[in-house]
Undergrad: 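Before we start, here is the structure in question, set down as structure tokens.
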Amino acid sequence: MKTIAITSGKGGVGKSTIVANLAFALSEMGKRVMVLDADLGLGNIDVLFDLRPKYTLEHVIKGERGLKEIILEGPKGIKVIPAPSGVEEMAALNQQQRLLLIEEFRSVADGVEILLIDTAPGISSNVIFFNLAASKVVVVVSPDPCSMVDSYALMKVMALSHSKRLFDLLVNNVRDEREASRIYERLDTLASHFLGATINYFGYVPSDPKVPMASRRKRLVVEAFPESKASSRLFEIARKISEMPERELSPEMVFFSEERSWERP
Ligand SMILES: Nc1ncnc2c1ncn2[C@@H]1O[C@H](COP(=O)(O)OP(=O)(O)O)[C@@H](O)[C@H]1O
Ligand SMILES: [Mg+2]
């Protein structure tokens with residue numbers, strides 16, 4: 001299984017939009033996809049899929065429900081694991097809760113080919129945990145200077161405190177590919193120079209009014225406007241994920257292995 005965390009330093013850069021649309025596009029390509037909403041304070045991926053969860057990860061973490069029982073079925077058979085919204089205590093998981101989650105994940109992994117993790121923004125311990133648990137970390141950045149600074153801060157913490165030095169960059173909300181490349185070049189130069197980190201260019205999604213337009217209709221842009229410019233890039237990124245060889249993924253992944261690199265201080 002490919003485990004891909006979609007993460008960012010700053011909120012509102014398009015993580016959830018990208019996760020939901022990639023999940024849909026990958027499912028259309030025949031992949032079996034699961035989406036994990038890992039924003040345990042302000043989860044909202046269920047809204048993008050127009051689902052109404054009765055139970056969330058909050059119930060799993062409290063031991064009241066098994067993970068199997070809270071999984072929802074989204075469009076195209078996408079399995080969706082919803083997070084609580086507006087629950088302060090879920091914002092920082094302790095070690096025991098993390099172990100419980102990992103155990104529970106092993107029990108629902110059967111048949112899933114791609115797990116997309118929509119993380120909270122920032123550098124909280126949960127964000128770091130889910131990023132370390134994934135085999136690929138895709139950092140979403142927008143042209144907003146604050147987003148660039150915050151994504152650098154996230155990579156800095158991952159690199160210097162957790163020895164994670166390989167990232168993929170997805171540039172969202174740009175005018176065109178040239179703007180995306182410029183942002184990528186700048187971050188890659190900084191990260192390699194100061195962090196000894198490598199950033200791969202994962203792709204870009206242009207700013208496209210069809211994205212919020214679809215959202216207002218409770219649809220995904222790749223579904224409602226498959227011919228739009230945002231959709232064509234999203235389909236391309238989905239194709240890239242589906243063709244990604246397993247060996248390209250880092251061996252640090254812990255969700256389904258015994259290795260627990262995130263337990264390191
Ligand atoms: N490429 C894009 N073009 C236009 N609007 C976008 C694009 N990507 C995201 N948005 C809009 O930006 C807002 C924030 O996106 P969201 O996915 O919720 O961000 P995050 O999950 O990172 O907080 C949403 O209203 C979404 O519709
Ligand atoms: Mg979000």
Undergrad: Answer yes or no: is there a side-chain heavy-atom contact under 4.5 Å between I117 and V19?
TA: no

Undergrad: Considering all heavy atoms of both residues, which atom of A23 and which atom of V35 are nearest to each other, and what is their separation?
TA: CB-CG2, 3.6 Å

Undergrad: Would the distance check show the side chain of S161 and the main-chain N or O of M158 forming a donor-acceptor pair, the cut-off being under 3.5 Å?
TA: no

Undergrad: Counting N and O atoms only, with roles assigned by atom type, does the side chain of N172 sit under 3.5 Å from a partner on the main chain of V13, one being a donor and the other an acceptor?
TA: yes

Undergrad: Hey, does the side chain of Q97 reach the backbone of N94 with a donor-acceptor pair shorter than 3.5 angstrom?
TA: yes

Undergrad: Measuring from L220:CG to F225:CZ, what's the distance to the nearest 0.5 Å?
TA: 11.5 Å

Undergrad: Is it true that a side-chain atom of S192 and a backbone atom of D188 form a donor plus acceptor pair closer than 3.5 Å?
TA: yes

Undergrad: Before you tell me yes or no, could you show the steps for I199 and D168 under side-chain contact (heavy atoms from CB on, under 4.5 Å), namely the whole-Å CA-CA distance, both residues' side-chain angles and the distance that decides it to 0.1 Å?
TA: CA-CA 5 Å; I199 308 182; D168 284 81; over 6 Å; no

Undergrad: Donor-acceptor pair, R65 side chain versus Y55 backbone, under 3.5 Å?
TA: no

Undergrad: Please assess R182 against E185 for the test salt bridge (charged side-chain N to carboxylate O under 4.0 Å, His left out), listing each intermediate value before the final yes or no.
TA: CA-CA 5 Å; R182 265 204 309 275; E185 301 291 345; over 6 Å; no

Undergrad: Of the non-hydrogen atoms in P206 and R233, which two are nearest, and what is the gap between them?
TA: CD-CG, 3.3 Å

Undergrad: Evaluate the side-chain proximity of F235 to P226: yes if any heavy-atom separation is below 4.5 Å, no if none is.
TA: yes

Undergrad: Any side-chain to backbone donor/acceptor pair from T3 onto L115? Under 3.5 Å, distance only.
TA: no

Undergrad: Determine whether K164 and L132 make a side-chain contact, defined as any pair of heavy atoms from C-beta on separated by less than 4.5 Å.
TA: yes

Undergrad: Within a strict 4.5 Å, meaning less than it, do heavy atoms of the I81 and V60 side chains meet?
TA: no

Undergrad: State which residues pass salt bridge (Lys or Arg N to Asp or Glu O under 4.0 Å) with D176; sequence neighbours excluded, sorted by chain then number.
TA: none

Undergrad: Are K10 and C146 packed together at the side-chain level, in the sense that at least one heavy-atom pair is separated by less than 4.5 angstrom?
TA: yes

Undergrad: Between Y152 and F194, is there a side-chain heavy-atom distance shorter than 4.5 Å?
TA: yes

Undergrad: Determine, stepwise, if the pair I114 / K31 fulfils side-chain contact (heavy atoms from CB on, under 4.5 Å).
TA: CA-CA 7 Å; I114 299 165; K31 297 289 173 190; 4.0 Å; yes

Undergrad: More than 12 heavy atoms of other residues, nucleotides or ligands under 6.0 Å from CG of L100: yes or no?
TA: yes

Undergrad: Report the C-alpha separation of I183 and V141 in whole Å, then their side-chain angles, then the decisive distance to 0.1 Å, and conclude whether the side-chain contact (heavy atoms from CB on, under 4.5 Å) test is met.
TA: CA-CA 9 Å; I183 291 169; V141 64; 4.0 Å; yes

Undergrad: Under 3.5 Å, is there a donor-acceptor pair between the side chain of K2 and the main chain of S242?
TA: yes

Undergrad: When you compare the side chain of F105 with that of L36, does any pair of heavy atoms fall below 4.5 Å?
TA: yes

Undergrad: T7 vs V138, test: side-chain contact (heavy atoms from CB on, under 4.5 Å). Steps then yes/no.
TA: CA-CA 6 Å; T7 194; V138 176; over 6 Å; no

Undergrad: So, taking the atom named CZ in F202 and the one named CG in L170, what distance separates them when rounded to the nearest 0.5 Å?
TA: 7.0 Å

Undergrad: CG/N21 to CG/L234 distance, rounded to the nearest 0.5 angstrom?
TA: 5.0 Å

Undergrad: Check whether V149 and V171 end up in the same hydrophobic cluster, where Ile, Leu, Val, Met, Phe, Trp and Tyr are linked by side-chain heavy atoms less than 4.5 Å apart.
TA: no

Undergrad: Once rounded to the nearest 0.5 Å, what's the spacing between atom OG of S135 and atom CE of M1?
TA: 8.0 Å

Undergrad: Without swapping roles, check the side chain of H59 against the backbone of T56 for a donor-acceptor pair under 3.5 Å.
TA: yes

Undergrad: Any chance the side chains of S8 and K15 put a donor and an acceptor closer than 3.5 Å?
TA: yes

Undergrad: Only distances under 3.5 Å count here; give the side-chain donor-acceptor pairs of residues 41-53 to other protein atoms, sequence neighbours excluded, each with its distance to 0.1 Å.
TA:
residue, atom, partner, partner atom, Å
D50, OD1, R52, NH2, 3.4

Undergrad: To the nearest 0.5 Å, what is the distance between CG (L187) and CE (M155)?
TA: 5.0 Å

Undergrad: Is it the case that the side chain of E73 and the backbone of K79 share a donor-acceptor pair, with hydrogens and angles ignored and the cut-off at 3.5 Å?
TA: no

Undergrad: Would you say that more than 12 heavy atoms from the other residues, nucleotides or ligands in this model lie under 6.0 Å from the NZ of K218, or not?
TA: no

Undergrad: I'd like to know if the side chain of R32 and the backbone of E113 have a donor-acceptor N/O pair within less than 3.5 Å.
TA: no

Undergrad: Does R239 pair with E243 as a salt bridge, N-O distance under 4.0 Å?
TA: no

Undergrad: Between R106 and E103, is the closest basic N to carboxylate O distance under 4.0 Å?
TA: yes

Undergrad: Hey, could you give me the CD/CD distance between E58 and E64, rounded to the nearest 0.5 Å?
TA: 7.5 Å

Undergrad: For K156, look at atom NZ and say whether over 12 heavy atoms of other residues, nucleotides or ligands are found less than 6.0 Å away.
TA: no

Undergrad: Using a 6.0 Å cut-off, check whether atom CG of D110 has over 12 heavy atoms from anything other than its own residue.
TA: no

Undergrad: Please name the residue in the list E179, E177, R178 that meets the side chain to side chain contact (heavy atoms under 4.5 Å, CB included) test with R175.
TA: E179

Undergrad: Quick one, L57 and D37 - any side-chain contact, counting heavy atoms below 4.5 Å?
TA: no

Undergrad: Indicate whether any N or O donor in one side chain lies under 3.5 Å from an N or O acceptor in the other, for N173 and S142.
TA: no

